Protein chains: 2
Amino acid sequence: MSGSSTAPKNHEGQLDLNRFFPYRLSTLDMAVSQAVAQLYSGRFNLSRQEWRIIAALGNHESMSAKELAAYSSLEKMQVSRAISRLKEADLILQQEDRDDRRYTRLSLSDQGRSVYRKIVPLVLAREEFILSALSEQEQEQLMQLMDKVYQKALELQKWG
Amino acid sequence: MSGSSTAPKNHEGQLDLNRFFPYRLSTLDMAVSQAVAQLYSGRFNLSRQEWRIIAALGNHESMSAKELAAYSSLEKMQVSRAISRLKEADLILQQEDRDDRRYTRLSLSDQGRSVYRKIVPLVLAREEFILSALSEQEQEQLMQLMDKVYQKALELQKWG
DNA sequence: TATTGTTATACTCTATAACTATA
DNA sequence: TATAGTTATAGAGTATAACAATA
């Protein structure tokens, strides 16, 4: 993906990876997510899943494991395992839901909230740096274009 | 990532995953790449790495393992292992470079080229379907915006 | 019977580095 | 010494499904 954005598309049964949207998207995601992972992984020793749980609980009073899975695009086992590690690290608290004891109420501990408050400004700064490549208007455009493409990709997933 | 593209950005030390660019990018990539992976994985039993090697060799007469790694954004061990599996499946050919015998010359076998010719129209059709969410002009915009963001993300990676 | 969440299992993928052969 | 490519190893992550507790 080296600056060939204005190149023509693939033609006639030939596929150039550098002009193939899924490949370009993948390399972009790798670069961006690694830039963020360096923070939560390197400095805070959190996995991607654990970071997402922290982030999710950081602006919700409490959530069940199921809600967490839906909100963070993780599988329920990933959530379950991230939870058990985060509990062991005393970053989150877990208690039963009084009304329906199948549910758990998960929330950040004081220590977890402290970690959240340290990480968030750092990752937001990185996001801001990366997006500083674009004007405010371009950022808005990018988000809208990505949303449209996302909806189409979901259609495709449903039909297999 | 449910249609919140026009929502305001994160503020004041709070981070909403659904408004966080790296997260949105990641979910988009997952949806898109899964749509493509269903093809090469499900119908042709190829891994992501193997598919990239096939795609790379499909429009290059021959490449060395090093060239493949650079072109396909894979690590040299990933390339090496994908090569060994593809050789075993008789999809690619490998011979020594006459001038410098440290290099290998890799190319598609007839069978490999046949697989390439079958897969490419299918994945291009999926790409086209996904991108049909956008006008031609919007597609062009999206690629350009992604390229700009990519360059910034690489800057960040370099500095850690 | 259906649902929430946990656990078991096997499998794959990854990262690091040692290693061979060639230059 | 440096480079291309392979192999070894251990650790991390993944998918599938069985399982317990609750409703």
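For clarity, every value in this text was computed on a predicted model and none was experimentally measured. Every chain is numbered from 1, with letters handed out A, B, ... down the list of sequences. Only heavy atoms go into these numbers, but all of them, side chains included; no hydrogens, no water, no symmetry mates.
Residue B:Lys66 contributes atom NZ, which lies 7 Å from atom C1' of D:dT3 at whole-angstrom precision. Between the P atom of D:dG5 and the CZ atom of B:Arg85 lies a distance of 17 Å, rounded to the nearest Å. Distance, A:Arg102 CZ to D:dC19 C1': 16 Å, rounded to whole Å. As rounded to whole Å, 15 Å separates atom P of D:dT6 from atom CD of B:Glu75. Counting to the nearest Å, the P atom of D:dA15 and the CE atom of A:Met77 are 7 Å from each other. In this structure, B:Arg98 atom CZ and C:dA23 atom C1' are separated by 19 Å, rounded to whole Å. The distance between atom CG of B:Asp100 and atom C1' of C:dA21, rounded to the nearest whole Å, is 11 Å.
Under 4.0 angstrom from either OP1 or OP2 of D:dT6 there lies at least one side-chain N or O belonging to B:Gln94. Regarding contacts with the backbone of C:dT14, a side-chain N or O of B:Gln49 is found under 4.0 angstrom from either OP1 or OP2. The phosphate of C:dC13 has neither OP1 nor OP2 within less than 4.0 Å of any side-chain N or O from B:Gln78. The side chain of A:Ser80 contributes no N or O atom lying less than 4.0 Å from OP1 or OP2 of C:dG5. In this model, the phosphate group of C:dG5 is not approached by any side-chain N or O of A:Lys76 to a distance below 4.0 Å at OP1 or OP2.
For the pair A:Asp97 and B:Lys87, both in contact range of DNA chain D, the more 5′-proximal nearest nucleotide belongs to B:Lys87. Between B:Thr104 and A:Asp99, it is B:Thr104 whose nearest contact on DNA chain D lies nearer the 5' terminus.
Taking a cutoff of 4.0 Å between a charged side-chain nitrogen and a carboxylate oxygen, A:Arg105 and A:Glu96 do not qualify as a salt bridge. In this structure, B:Asp97 does not pair ionically with B:Arg102, as no charged nitrogen and carboxylate oxygen lie closer than 4.0 Å.
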> Taking it one step at a time, do A:Leu93 and A:Leu106 satisfy side-chain contact (heavy atoms from CB on, under 4.5 Å)?
Replying inline: CA-CA 6 Å; A:Leu93 304 171; A:Leu106 298 152; over 6 Å; no
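With B:Phe129 as the aromatic partner, A:Lys152 meets the cation-pi criteria of under 6.0 angstrom to the ring centre and within 45 degrees of the ring axis.
Residue contacts for B:Ser84: at a heavy-atom cut-off of 4.0 Å it reaches no nucleic acid atom on any strand shown.
Judged by distance alone with a 3.5 Å cut-off, no donor-acceptor contact links the side chain of B:Arg101 to the base of C:dT22.
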